[in-house]
Number of protein chains: 2
Amino acid sequence: MKYLTLSLKPTDRAFHPIDQYLTTQEHITRETLLHLDIRFNETYLLLYHLTGSRSAIETAITTNENVLNHEIVSVDGNDVYAYVHLDAANTEGHLVELAYDHGLIIDTPITFDADGMNVTLVGNTTRLGTVLQSVPEELTVSVQHAGRYDPGTNDLLTSLTDRQREVFETAVEAGYYDVPRRVTHQDIAGKLDCAPSTVDEHLRKAESAVVPHLF
Amino acid sequence: MKYLTLSLKPTDRAFHPIDQYLTTQEHITRETLLHLDIRFNETYLLLYHLTGSRSAIETAITTNENVLNHEIVSVDGNDVYAYVHLDAANTEGHLVELAYDHGLIIDTPITFDADGMNVTLVGNTTRLGTVLQSVPEELTVSVQHAGRYDPGTNDLLTSLTDRQREVFETAVEAGYYDVPRRVTHQDIAGKLDCAPSTVDEHLRKAESAVVPHLF
DNA sequence: CACAGATCATGAAATATCTCACGCTCTCAC
DNA sequence: GTGAGAGCGTGAGATATTTCATGATCTGTG
């Protein structure tokens, strides 16, 4: 299973008309599209994370004729979640149709930046190649990343060495991170048949590799 | 926007017939369902992460009459990704239909464990309530987590209290998680104007809330 | 092969951490 | 108001951790 992360610009043909429409709104910024689900009845269910004034967003969405149903939830300040249920009319040739026609999975979240949007498509090499060739000419596409799709390996843990991960996982399972701790370094060292200070070193390095990335 | 994480057991009514079928296979373990996409033509596109022998998985999937197309990719050892394109026939009353009929978003990945499956549904309170009431009697459902859906804020940190997060973040920024540590509890306590043991307590609780979820 | 660099392992001394018991302050519900 | 529960804060003593220096082992490269 391969993946391709594509950067699309400009977004005059966005993945869907309402998305294109949102780009034209001065005071709304698309942050991410968290979900993009399709219903049998030819409708889309979108969950956006947007920033902008709630009223501007409300207006933008209700103005759009394809919107069947929507809901807007403010989070903090200008952060807004917009749940939008859409008629899927007039989407021929748009990215979402292209991907789905070729049996590709669109990996949410889709992120947006000043230049356009970044979408990860998942599927086998043949399908990915075909969809790339089918991209309409008006749409500038550049491939940002490509490789084996491997979401199973937790991103944060991939930077650890095998040994670090082994020690870390053993510690977690043994209850070292419970409150209060259920085991000591020595107990873990016993399980792993090594010195307590070895356990410590691996755990310290594992924590230092992982924890700062949580923020 | 609210979310509910449900634990479903037993899985005799799984989210889809092929999912139910996989549970009956001795030598296949469902790890997660990474994607669950629907096509207009009443088909599903699933991307599973499974463990088991590749041949057993191949057999299980090809044997199923609803499978239109599939692809299996080995990763390491027994880890396998299975891309399955399915006819959506016979799914009345199954979870995926229930959720979608009520305009709820199913938040992948869906995880599986010995007891059943864990699914997070996203939508407003009314919709979530309605779908809970519509759950068939044969299906045991327990609500594991509920709250405001807020994927923008890192999931792992949402379970912390404000104070825990504040202390945790201060510690990270001060270099407490560097190797070697650049500050002690006391230094952090100085910045936060509290006792060192208070810092410790918050950090311990924060770690215990976060670290086990990395695996 | 032989070298460099990274990772892994160890023990001892210095010291930072952890547990626990106690009490305070909120908030929520009755 | 008042009681229950959750979160926050503190100090002291027991004890687990951390650092550091040293060396072994592994891995890739010319």
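Labels below follow one simple rule: chain letters A, B, ... track the order of the sequence lines, proteins then strands, and each chain is numbered from 1.
- Note: CG (Asp187(A)) to C1' (dA16(D)) measures 11 Å, nearest angstrom.
- Put simply, Arg163(A) has no side-chain N or O that comes within less than 4.0 Å of OP1 or OP2 on dC26(D).
- Rounded to an integer number of Å, the gap from Lys205(A) NZ to dA9(C) C1' is 11 Å.
- The side chain of Ala195(B) has dT10(D) as its nearest neighbour among dT19(D), dT10(D), dT17(D).
- Put simply, His185(B) has a side-chain N or O that comes within less than 4.0 Å of OP1 or OP2 on dT17(C).
- Rounded to whole angstrom, the span from the CZ atom of Arg181(B) across to the P atom of dA14(C) amounts to 21 Å.
- Under 3.5 Å, the side chains of Glu207(B) and Tyr176(A) contain no donor-acceptor pair of N or O atoms.
- Among the nucleotides dT10(C), dT17(C), dT19(C), the one closest to the side chain of Thr184(B) is dT17(C).
- Here the side chain of Thr198(A) pairs no donor or acceptor atom with the backbone of Cys194(A) at under 3.5 angstrom.
- At dG7(D), none of the side-chain N or O atoms of His202(B) fall inside 4.0 Å of OP1 or OP2 (strictly under the cut-off).
- Rounded to an integer number of Å, the gap from Asp178(B) CG to dT19(D) P is 10 Å.
- Remark: C1' of dG9(D) and CD of Gln164(B) are 13 Å apart, rounded to the nearest angstrom.
- Here the side chain of Tyr176(A) is nearest to one of dA12(D), dC8(D), dT17(D), namely dT17(D).
- Listed nucleotides: dT17(C), dT19(D), dA9(C). Nearest to the side chain of Ser197(A): dT19(D).
- Contact between the side-chain N/O atoms of Thr198(A) and the OP1/OP2 oxygens of dC8(C) is not found at any separation under 4.0 Å.
- Checking His85(A) against Thr43(A) by side-chain atom types alone, a donor-acceptor pair falls below 3.5 Å.
- Only one option out of Glu166(B), Arg165(B), Arg163(B) pairs with His202(B) in a side chain to side chain contact (heavy atoms under 4.5 Å, CB included); it is Arg163(B).
- Across the protein-nucleic acid pair, Glu207(B) atom CD and dT17(D) atom P stand 12 Å apart, rounded to whole Å.
- The interatomic distance linking Leu203(A) (CG) with dT17(C) (P) rounds to 15 Å, in whole Å.
- Distance check: Asn64(A) CG to Thr59(A) OG1 gives 12.5 Å after rounding to the nearest 0.5 Å.
- Between the side chain of Thr161(B) and the base of dG7(D), no donor-acceptor pair of N or O atoms lies under 3.5 Å.
- Put simply, CG on Asp193(A) is 12 Å from C1' on dA9(C), counting in whole angstrom units.
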